[in-house]
Amino acid sequence: MLVKEYRICMPLTTDEYRIGQLYTISKHSHQESDRGEGVQVIENREHHDPVHGLGQYTEKRVHLSSKLPSWARAVVPRMFYICEKAWNYYPYTVTEYTCSFLPKFSIHIETRYSDDCGDNDDFFNSGNPEDSHEVSFVDIAFDEIPERYYKSVEDLRHFKSNRTTRGPLQEGWRTNTQPVMCSYKLVNVKFEVWGLQTRVEHFVHKVIRDLLLVGHRQAFAWVDEWYGMTMTEVREYEKETQAATNEKIGPVAPTITISAEGHSPAIRSAPATPITGDPPEFLSLPKERTRKTSAPDTLTLPELRERANGPSSHAPPGNTDS
């Protein structure tokens, strides 16, 4: 298990961010979906929690086999999905991810939103030294972004909002910009497979960090599309977009799900951004091994029969009639 905390600041208020987040997730999911692939919304309804009160529960399946790089397609079953379950009690949310064919893999994300510049160290500080974790700041304007995700219209060093007049973001913007808010995310990645656990968990955290960077850049770059919407309006947009996305994906082939004994970890938010890139060394396919010289290259069906039953009395030697 590997736990890290990510802090992502935005030039917005928490109320504005709430609208922008819902709009961005819906739009991005629709853009990334295609026939048989993408984000399929299974459930989206109100949910009441005795501690956190009224919130929203969503369940999604992210079908992305064809979006995987070739090295991953070689080792992953064709029909699989990532399950996302999310409980949104804004400004507090819980999101969990599980994979349909890896019962020992899970991601748990706990998020708190606050109107500050990311300088609050108390949200996830239990006071127990054993619960200490790395804190990583994600700068939506100046952190390096993978080339495959870069779009000039989403470069916040040059983008200026027409409706809010905010931007472009300059060096040090996090501490000298108003308004500013921060998304605090405590991310727990678990991959309980001996020999691979540490390397896979570090790799998954790298992917998550890239997705958080891309998603939050888009939320601000698209601000002129959603700024001024009410919660009712964005929920209606979310509903219409989800229906259009499900129709765009179409019927999804049956999937194979492997369940672990006992309790399987749950899951909640799904990265709809395609995972691409070269494979880590530990996931490379094994090199082809030279055949043993004693082994025949091929065995035809008649030859196999002869080995099992001895020479046939019904056919002359060398007859390969099948």
If you apply the rule salt bridge (charged side-chain N to carboxylate O under 4.0 Å, His left out), what do you find for D116 with R174, and how did you get there?
CA-CA 9 Å; D116 58 51; R174 184 167 64 88; over 6 Å; no
Starting from the C-alpha separation in whole Å, work towards a yes-or-no answer on side-chain hydrogen bond (donor to acceptor under 3.5 Å, both in side chains) for S106 and K190.
CA-CA 5 Å; S106 66; K190 186 184 297 184; 5.2 Å; no
Pair T93, N88 - check side-chain hydrogen bond (donor to acceptor under 3.5 Å, both in side chains), show working.
CA-CA 4 Å; T93 66; N88 187 340; 5.6 Å; no
Should V193 and V200 be marked as a side chain to side chain contact (heavy atoms under 4.5 Å, CB included) after you check the CA-CA gap, both sets of side-chain angles, and the distance that decides it?
CA-CA 9 Å; V193 176; V200 168; over 6 Å; no
Test side chain to side chain contact (heavy atoms under 4.5 Å, CB included) applied to V189 and H108, step by step
CA-CA 7 Å; V189 176; H108 181 93; over 6 Å; no
Start with the C-alpha gap between L169 and I140, add the side-chain angles, then the distance that decides, and say whether side chain to side chain contact (heavy atoms under 4.5 Å, CB included) holds.
CA-CA 9 Å; L169 301 181; I140 61 174; 4.1 Å; yes
Chi angles and distances behind the side chain to side chain contact (heavy atoms under 4.5 Å, CB included) call for W226, Y237
CA-CA 10 Å; W226 57 260; Y237 171 82; over 6 Å; no
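No donor-acceptor pair closer than 3.5 Å links the side chain of E154 to the backbone N or O of K151. A donor-acceptor distance shorter than 3.5 angstrom exists from the side chain of R199 to the backbone of G195, with no hydrogens or angles considered. Judged by distance alone, with hydrogens and angles left aside, the side-chain atoms of E16 form a donor-acceptor pair with the main-chain N or O of T13 at under 3.5 Å. Without hydrogens or angle criteria, N188 side chain to V3 main chain gives no donor-acceptor distance under 3.5 Å. Side chain of R163 to main chain of Y227: a donor-acceptor pair is present (N/O by atom type, distance under 3.5 Å, no hydrogens or angles).
Smallest separation of non-hydrogen atoms from G167 and K160: O-CG, 3.4 Å. The two residues T245 and H30 have their closest heavy-atom pair at OG1-ND1, 3.0 Å. Of all heavy-atom pairs between N246 and V39, the closest is OD1-O, 4.0 Å. The nearest pair of heavy atoms linking A141 to R217 is O-NH1, 4.1 Å. The two residues E5 and L186 make their nearest non-hydrogen contact at CB-CD1, 4.1 Å. The shortest heavy-atom contact between Q31 and K248 is O-NZ, 4.0 Å.
L22 and L54 sit in two unconnected hydrophobic clusters of ILVMFWY residues. Membership requires side-chain heavy atoms under 4.5 Å apart, directly or through other members. Residue Y92 is not grouped with residue F124 when hydrophobic side chains (ILVMFWY) are merged at heavy-atom distances under 4.5 angstrom, including chains of intermediate members. Grouping the Ile, Leu, Val, Met, Phe, Trp and Tyr side chains by contacts below 4.5 angstrom, directly or via other members, places V62 apart from I25. Hydrophobic clustering, with ILVMFWY side chains joined whenever heavy atoms are under 4.5 angstrom apart, groups V207 together with F105.
C83 is listed as a side-chain neighbour of E59, based on a closest heavy-atom distance under 4.5 Å. Looking at heavy atoms from C-beta onward, P91 lies out of side-chain contact with T14 at the 4.5 angstrom threshold. Considering only heavy atoms from C-beta on, D115 stays 4.5 Å or farther from V180 through its side chain. For the pair R235/T232, no side-chain contact is recorded, criterion being any heavy-atom separation below 4.5 Å from C-beta on. Using a 4.5 Å heavy-atom cutoff, the side chains of H133 and V135 are in contact. With contacts defined as side-chain heavy-atom distances shorter than 4.5 Å, the pair Y57/E46 does not qualify. Inter-residue side-chain proximity for P11 and T177 is flagged as met; some heavy-atom pair is nearer than 4.5 Å. A 4.5 Å side-chain heavy-atom check between H47 and Y89 finds at least one atom pair inside the cut-off.
A distance of 9.0 Å separates SG of C182 from CG of N120, quoted to the nearest 0.5 Å. Considering CG of L196 and CZ of F191, their distance stands at 5.5 Å, rounded to 0.5 Å. Separating the CG atom in L2 from the NE2 atom in H205 is a distance of 4.0 Å, to the nearest 0.5 Å. The distance from the CG atom of L12 to the NE2 atom of H216 is 9.5 Å, given to the nearest 0.5 Å. Annotation: the span from C9 atom SG to D139 atom CG amounts to 8.5 Å, rounded to 0.5 Å. Rounding to the nearest 0.5 Å places OH of Y23 at 7.5 Å from CH2 of W222.
In the model, Q218 has a side-chain atom that pairs as donor or acceptor with a side-chain atom of H28 under 3.5 Å. Looking at D155 and Y150, their side chains do bring a donor and an acceptor atom within 3.5 Å of each other. A donor atom on one side chain and an acceptor atom on the other are not found under 3.5 Å apart for Y90 and Q56.
In this structure, R61 satisfies the cation-pi test against Y81, with its NZ or CZ atom closer than 6.0 Å to the six-membered ring centre and inside 45 degrees of the ring normal. Cation-pi contact between R18 and Y113: absent, since separation from the ring centre below 6.0 Å together with deviation from the ring axis within 45° is not met.
Ionic pairing of K239 and E236 is not present here: no N-O contact between side-chain nitrogen and carboxylate oxygen is shorter than 4.0 angstrom. A salt bridge does not link K206 to E201: none of the charged nitrogens lies less than 4.0 Å from a carboxylate oxygen.
In this structure, Y6 has its ring center at least 6.0 angstrom away from the ring center of F137.
Few gaps surround CE on M231; more than 12 heavy atoms of other groups in view lie less than 6.0 Å from it. Surrounding CD of E43 are more than 12 heavy atoms belonging to other residues, nucleotides or ligands, all under 6.0 Å away.
For R209, the side-chain hydrogen bond (donor to acceptor under 3.5 Å, both in side chains) test picks out S136, D143, with sequence neighbours left out.
Using a 30° and 60° split on the angle between ring planes, F123 and Y184 fall in the perpendicular class, above 60°.
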